[in-house]
Amino acid sequence: MKIQVLVQGEQWLDRAGVRIRYRRIAPHLLQLGSSLSVDVVGTQVDRDRVSADIAILSKCTDARGLAVAEVLRGRGAIIGVDLFDDYFSTGTSPCLPHREMLRQMAERVDFFLCSTARMQQVGRQFAPDMPVHVLNDPFEGFDKATLALRLKEKTERALTDRKFEVLWFGNGDNPVFSVGLEDLAAFGSSLRSLAGGRFDVNLRVLTNMRALGVQNLARLRNLPLPTTIEEWTEEAEREHLDRALISFIPVNFQNFSIAKSLNRGVSALTGGTQVLSTGYQLYDRLGQFVYRDPTQLLDDLASGDLKLRPATLDALGRQMDDLADPENEAAKLNTFLRELDVMRNQAVTVRPRHRASRAVLHGRVSAQAVDALCREVGWLSIASPFTLSERTFDVNIGFIDDSQKVQIRFSRDGLGFVRPEWRSAITEVAGSGGKYVGKMDVPELPGATVIRRLQPAMIETRAGRILHYASVMQATENIIGQILGITALTRSEKESPLMALDSAPSQPLAAK
Amino acid sequence: MNNYPQDMPREYSAVFLFDLLQDVNILRPIVRILAAETDLALCLLISGLFTRRDMSGIWRAELQELAEHTGAQIASFDSPFAALQHLQGKSGLLFSASETNLRGHATNHNVFLAAPPTFTRITIQHGHECVGFNQNLEQTLAHGSAVRFAADVVCGWGPIEQMRHLCPSERNKYFELGPPLVLNRLIDRGRLKPGVQTGLLCENLHSVRMQTTGSFQMTYLETLLAFTRAEAEQGRQVALRPHPGGQFILKNKIALPGNVILANNPMYKTDLQRFAYGISAPSSVLIDMVLAGIPTAVWTDADSIIDISGYAGLATVSTVEDWKAFADAAVRDPEPIRMRQAEFVRRMALDVPPALVRDRLLDLVQGLLAQDRPEAVYGAAKRPARVLLVANGVIPSLHISFLKPLEELEQAGRVSLRVLAEKDIVRASSKKGKDRDPAKGTAFALSQVEEFRPDIAVFCRYSGPDAEAMVASLKASHVPVIFHSDDDLLNVPIDLGEKKFIEHNRIERTSTIRFLLEHADFVYCSTPRLRDRFVELGFDRDMYAGKIYCSRDIFAEAEMRSVRTIGFMGYDNRPELTRLVPVLADILARYPDVRFELFGSMTLPQELAIFGERAVAFPPIGDYDLFVERFHQMRWDIGLCPVHPTPFNVVKADTKWVDYTSIGTAVVASRGTAYDICCQDGCGLLVETMEEWQAALESLIKQPQARYEMVRAAQKKVRENYSLDDLTLQVLGVFDRAQEQVRQREGSIGLPSAALSPRPDPTGALTGRA
């Protein structure tokens with residue numbers, strides 16, 4: 001069985017999420033007869049032969065994911081989407097694009113892969129009957145002997161020097177939620193008792209540069225410990241886990257935070273630090289290894305009975321096996337996917353004899369990568385009256401220069417898709433620098449009235465766009481569906497809330 | 001605050017943010033004072049915007065120079081986090097001269113917001129009229145009157161009552177520092193050159209005030225140019241100074257007449273006193289010019305719309321005719337204008353003595369570093385302890401008793417010494433010795449005391465003028481006053497020569513000595529006998545007698561050799577040597593291999609001159625160091641210490657014995673004098689009669705081994721009991737005792753005790769000679 005994880009761009013290939021979630025289980029899958037590769041979403045649709053049995057979309061948040069899911073599914077592959085950050089259950093406007101994408105994706109995929117049971121719950125709100133598998137973030141194996149030695153050294157050094165370091169590491173900010181350094185600042189007061197006098201304690205913060213703006217730095221100023229702030233790198237994280245006695249992992253009570261995987265807690269423990277967690281009890285599943293009370297940690301340090309110590313490493317190993325052993329996780333995933341595969345083979349699939357002609361209709365704001373993919377794989381790229389971009393599309397339905405009425409223009413490639421009966425309506429375009437070669441007025445078709453009445457001023461403002469978006473896009477789809485010989489159309493829209501204006505509201509998530 | 005690193009290094013930092021070019025002008029004097037007065041590690045932290053603003057690179061060069069002169073480190077930053085990286089792990093003080101919540105000050109404001117809590121953030125007022133402190137109308141219209149600071153301490157130029165725009169929420173942060181620019185006067189001296197008849201015209205055309213209540217830019221520019229042309233017609237030059245940050249005239253490439261000289265140097269490098277007068281639109285440069293004492297006029301528009309209330313009292317000019325009239329008046333008779341300005345300075349509370357601004361700054365620094373952390377006091381006070389030495393001149397006694405023992409501490413930056421000599425005071429009181437005005441001398445002496453702000457004052461044999469005034473001033477500042485003497489200066493005998501006799505016994509001098517013996521906090525005598533003498537003379541008080549008077553390192557080790565040279569070193573005109581001349585003549589006659597050398601004031605007696613090259617005299621050397629150097633070159637085998645046991649001599653110290661011993665010379669000395677003790681245990685021969693002198697000299701000539709042993713024993717004694725380390729500790733012990741005396745007398749209040757960090761240290765660690 002071939003499994004292909006699809007990510008949004010090259011830079012995602014090396015992200016921690018990809019490394020932790022997929023690459024750690026890949027070797028174990030191989031032993032089970034399955035292969036797992038990670039690729040950028042898109043070009044795989046250009047092949048006649050489906051290259052994977054299973055495709056998993058991982059954080060593909062633009063129209064490429066939707067279109068690719070449709071194409072690959074059409075060719076018989078099993079499609080899933082991996083849900084590992086909860087941008088979906090919060091009903092605020094910044095989450096709308098995520099919610100809408102998941103809603104549309106749910107219509108095009110065969111299963112959800114979730115990082116936690118909480119994410120499973122979230123997924124169910126969008127597709128109650130969707131098969132779901134929980135793939136725990138697998139941990140990187142740890143060398144018990146080395147870890148034992150390191151733990152012993154750290155404890156001895158702390159007791160001898162009467163000082164130690166506390167580490168906070170991770171993403172310091174989020175474009176939607178108040179997390180990261182804000183959590184650290186909010187829960188920082190619980191560190192006060194660590195610095196109560198028995199030990200000299202320094203807090204080290206390792207985080208991404210974007211999070212280190214003046215607002216966050218000002219927040220950290222009020223921490224009750226002397227603090228050193230550094231930019232996060234993988235190497236620095238390893239180095240400081242090696243050095244620190246304690247990792248401090250506060251968790252707030254937002255939906256986003258409580259759906260997080262145990263990943264940081266696991267990294268902290270297998271990296272050789274005690275875990276002190278406050279706030280939401282996310283790490284309860286790490287049970288005996290997590291401190292909630294700094295005073296108890298200090299007492300245990302004094303008495304040589306820290307929760308993570310050489311004598312408890314066997315227990316840690318067992319706990320990890322239960323929670324996030326890569327081999328176990330690979331096996332469970334393999335079983336789940338094989339069952340889906342069997343079901344697929346039993347189902348009767350009607351495969352089209354010819355490749356469908358496909359188009360993407362761009363809304364107001366559309367990712368350039370979507371247009372690029374269209375060109376790469378031969379899909380039509382069509383601009384709507386809302387489209388801001390000045391790029392040359394195959395077909396452009398919109399206002400030309402200062403004109404007050406919508407016209408349809410065709411590039412040379414676009415012209416090739418025009419049904420024969422409409423070709424006579426197209427006149428030649430002069431002097432457009434070769435971008436568009438033909439144009440036509442909006443023909444008398446269903447929806448034509450909506451388009452003909454449309455004036456630029458009507459959609460200049462956000463309010464105007466919200467008002468007219470659904471009807472204009474629907475009319476546009478009708479017209480191009482008639483004029484062009486295409487069989488499948490995907491909308492591409494990034495401006496919120498336009499992407500959701502033609503869809504039914506999703507079910508609100510019940511409180512836990 | 002309780003969140004300081006427990007393992008924080010004991011070194012504290014003072015970090016200065018430079019974002020606007022004009023920040024240099026304000027912060028530079030503070031950097032220089034802290035460099036001179038504290039042990040703080042200094043860092044000049046420069047924003048990326050500063051570098052971009054400094055298109056010509058002159059301000060970067062200024063900071064480079066400042067760093068070189070003050071030992072400050074230079075670092076740069078382009079974001080609050082980048083600045084934080086230079087601050088974290090350290091603690092101390094963070095200074096900015098452009099920090100408010102206004103957009104123009106965002107760079108430093110953000111650094112202040114992000115700074116670690118181990119730094120106390122201090123904002124300095126950067127202009128006479130300044131947003132958030134005391135605003136003019138235009139500033140208020142442009143920025144509102146709710147300007148706030150991220151600083152913990154906000155330092156202003158004047159009393160808080162004058163700070164009309166300090167928000168109520170900021171008032172508790174306020175500290176009255178005074179104008180930092182006056183601090184330059186404590187450091188830069190002697191730059192004044194004779195004035196020339198050139199005026200200085202200043203422009204701040206970029207300023208918000210030139211555009212807010214009206215379009216004053218063109219009016220001012222046109223008037224300025226018309227004036228320069230008018231001056232050109234008179235064949236006169238004028239200097240033009242663009243605002244350091246604005247540089248409007250240069251940026252806009254305004255064509256200037258040929259008689260205009262650009263004065264674009266930093267203000268602190270511009271000798272304003274060179275100019276005959278100054279004219280500017282309302283701007284802090286007016287304060288610079290007024291404080292420099294040049295006739296200064298403030299420009300106002302013809303309708304008097306622009307707010308010049310901050311300069312009320314200064315001459316105003318508007319039209320070209322006004323400018324010309326003012327320039328003429330300033331050149332013709334500047335005095336009335338200066339008098340008006342003096343009144344303005346007083347009313348604006350700008351007449352703050354530089355020393356007071358410095359003291360406030362240092363008090364602030366010390367106080368802030370000591371917050372919740374008593375140990376921080378030592379961090380701030382590790383500046384060199386300042387010791388003022390008042391003496392009749394840089395005399396050998398001063399060298400022996402203070403300059404030499406404290407030399408190593410001074411080189412190590414632990415002590416700062418300043419000598420105030422009688423001749424300096426006399427010189428200040430009169431020109432070329434004529435028409436002496438004692439009040440000027442007194443003012444000079446007091447200004448020296450005030451400027452140097454000593455931690456300890458030592459009057460070493462001082463019998464010159466103004467002792468009473470100086471002692472009063474020192475005592476008012478709780479500075480311990482020590483009187484040191486190595487002679488009975490109340491009974492100088494005629495044996496020392498008539499001139500010395502007359503001079504020392506002048507009533508002004510003896511009364512000064514008496515005054516100091518009575519009123520000094522501590523009296524330090526060179527010998528116990530001298531102390532007893534003063535007691536006998538009726539000075540009924542505690543006095544301290546040193547164990548060592550003079551110390552020397554051994555320069556030439558004892559050497560087993562035949563006696564070749566007998567030497568005598570002395571600076572008196574009538575040394576007791578005279579009595580010994582027949583003995584010496586006899587020795588020279590009888591021992592043809594023996595020579596005699598005389599080093600000092602006395603001329604070679606005729607009875608000895610007949611021996612030609614075997615008896616020579618080296619003339620005296622005034623410079624003490626050169627004298628010592630020359631003395632070390634003497635290769636004497638026997639040294640003579642003939643002393644009449646007069647009351648004056650018997651209280652003197654054994655200096656000559658130490659000197660001779662240090663160059664490997666055996667000593668023959670008069671009995672019944674200071675040499676009785678040092679010569680004990682075979683360390684010298686004590687003699688009384690001429691026969692004894694003769695016998696002693698011959699015994700040494702005849703017994704080279706005995707001579708060698710004697711020198712060895714004497715050198716051992718010097719090493720053990722007369723070392724420089726011991727003398728240094730003795731002097732520091734004296735300082736400590738004097739301080740203790742003052743502390744006991746005054747209670748624990750007021751004495752800057754931590755300032756005098758050197759303390760007697762038996763391990764020798766203090767002097768670096770452990």
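The figures that follow rest on heavy atoms only: side chains count, while hydrogens, waters and symmetry mates do not. Within every chain, numbering begins at 1; the chains are lettered A, B, ... in the order of the sequence lines, protein sequences first and strands thereafter.
- Using a cut-off of 4.0 Å between Lys/Arg side-chain N and Asp/Glu carboxylate O, A:Glu153 and A:Arg150 are scored as salt-bridged.
- Neither the backbone nor the side chain of A:Gln215 comes within less than 4.5 Å of any heavy atom in chain B.
- Using a 4.0 Å cut-off between charged nitrogen and carboxylate oxygen, B:Asp23 and B:Arg28 do not count as a salt-bridge pair.
- Only the side chain of B:Leu84 comes within less than 4.5 Å of a heavy atom of chain A; its backbone N, CA, C and O stay farther away.
- For A:Leu220, no part lies under 4.5 angstrom from a heavy atom of chain B.
- In this structure, A:Lys307 satisfies the cation-pi test against A:Tyr291, with its NZ or CZ atom closer than 6.0 Å to the six-membered ring centre and inside 45 degrees of the ring normal.
- Under the 4.0 Å criterion applied to side-chain N and carboxylate O atoms, A:Glu234 and A:Arg19 are assigned as salt-bridge partners.
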